[in-house]
Amino acid sequence: MEVQSCSLSPSRLPRVAVVGSGAIGLTLFGKLVSLYRASSQSFFSSLTLVCRTEENARWITSRGGIALYHASKTETPATCASGDLEWCALQPPAVNVVDQQRFAETPVDLALVCVKSHQVESVAPLLRRMFERHREAGVVVPLCNGIGHVARLATALPADVAVLPAVTYLAAERIERHTVKIHGAGATYVLVRGSSHASMETRPKQAINAFSREACNAANTADQTERLRTLPASEGVGATRLPAPAPNASSSPALPVVTGQAALAYPVGTMLQPETLRATRRFQDDMHSEPWGPALHLSAAQCRLLDEDRGLCAWLNAARLGPALVTNDERPFVEKLAVNCGVNAVATLLGVRNGELLHLPDAWQVTESAAMEVATLFGLPHASIGPRLRQIVEATSGNVNSMLSDVLAGRVTEVDALNGAVARLSISRTNRPSVVNATLAALVRALSQRQHQAECCIATPQQTHPPDTIHR
Ligand SMILES: NC(=O)c1ccc[n+]([C@@H]2O[C@H](COP(=O)([O-])OP(=O)(O)OC[C@H]3O[C@@H](n4cnc5c(N)ncnc54)[C@H](OP(=O)(O)O)[C@@H]3O)[C@@H](O)[C@H]2O)c1
């Protein structure tokens, strides 16, 4: 297939896809739909929500839009006053909803990947199709929690498509196929690192309180002078990977080890082909040295897709989903990982809402210990994590976290991308286990296994399974 030259000239507006119609995908898509309709300024030329199933795409299309409820004002949609509902009407053909099969031939410049961490492999073929004909200016931004998914996605896509991690402190819950309850606003960060990007390297490291709008706005304003547009990148050159720091010899095993579900989604014991072995080893090395993904040189076109003047961050801010900013600071990413590792796993094991952890001293101690292990692993001062953890739990006290929701619904959890990934990274980097995170990961996995076993027994009451033959 012929590859077109860089098609994203400064005058052409980008084509955007949101992949995944869950809580985060619907929220981002809905807000961008509202922006498209309301703003006199054009930000993008097309906006498409890509659902996993045709059924979901049809459902949303037939409803004509996305409903966003703001839970801070009311608790349930049934009791919502009209002012609490934000109706985001589709506007075909520019703003529409399709399923992943129907998306096949539509080119895209920027894809926001809003699937669970363990689902990124399933969207890789779709993303390859999106970018294969004009990939020089392509940018993929996964908004998954946890670590490992960026390296895995980058491994599965052409090298010149930039895969950049984003973290969002937004809290949302899908309550219908086209309806989301937004529990809380929060900052969104896109991580852009590149050693030749002098202006980014020298940007002041900011301790941004992701839950304080004031603090975020201040940080955002300070950032106005340090923009991506100042990067000395040439138009039309795709993302170039910078050399990674060499991992420890001890972390590069002589034989590839597939360490479980989270590694490359290959079951343990799978015989891998040479191509896959190379990808697996590269992924392990990447995870060791660059858990948030590799540092990249971005082209000017790619920078424009993201920045706070004309790109993704500008759109999210204009859509009042901000503050959103491009940063080279990993701290918001580490803090989110620490909070997720502590709060999600412990609240899931106890079956409680986040806020209850504060009233259970023993549980809170475990929560803090898990978060501190993450801080230690990434060299973050413990003093900064404790207050942040408490603040976030207070702000989300009524939430049933996503890990607990997944367990209750019998879905795969993200524990392997959170506590499990931290435990593996700790061994790889320091040769010491993160005992609390490894234990929490094992217990959450055991909880899911127990649930599967219970379901199997209910489904086939006459059959008795020895525990190790029931699917895991
Ligand atoms: N929810 C939050 O408040 C929040 C906050 C911060 C970060 N995050 C992170 O953001 C990520 C997404 O979370 P979420 O809460 O939005 O999850 P979610 O509600 O489970 O949504 C995931 C969506 O991905 C879709 N999907 C899976 N495979 C797909 C494929 N091959 N093609 C197209 N769509 C596909 C699923 O489709 P189906 O609907 O058909 O299953 C589902 O709609 C997670 O990593 C989460 O940890 C979430």
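Note: hydrogens, waters and symmetry copies are ignored here, and every other heavy atom, side chains too, is used. Fair warning: this is a prediction, and the values are worked out from it, not measured in the lab. Counting starts at 1 for both ligands and their atoms, following the listed order.
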| request: Considering only NZ, NE, NH1 and NH2 on the basic side and carboxylate oxygens on the acidic side, decide whether R445 and D416 come within less than 4.0 Å. | output: yes

Charged N to carboxylate O under 4.0 angstrom, E121 versus R152? yes

Contacts for ligand 1, heavy atom under 4.0 Å, by chain and number, are G20, S21, G22, A23, I24, V50, C51, R52, N56, Q100, C114, V115, K116, S117, Q119, S122, V123, L143, C144, N145, T168, L170, A171, A172, R174, K336, E414

Residues passing the salt bridge (charged side-chain N to carboxylate O under 4.0 Å, His left out) test with E356, sequence neighbours excluded, are none

Per side-chain contact (heavy atoms from CB on, under 4.5 Å), C88 is matched among V95, L68, V180 by L68

For F44, the ring pair (Phe, Tyr, Trp, His ring centres under 6.0 Å) test, sequence neighbours excluded, returns Y36, W315

Quick note, ring-ring contact (aromatic ring centres under 6.0 Å, His included) partners involving residues 389-414, not counting sequence neighbours, are none

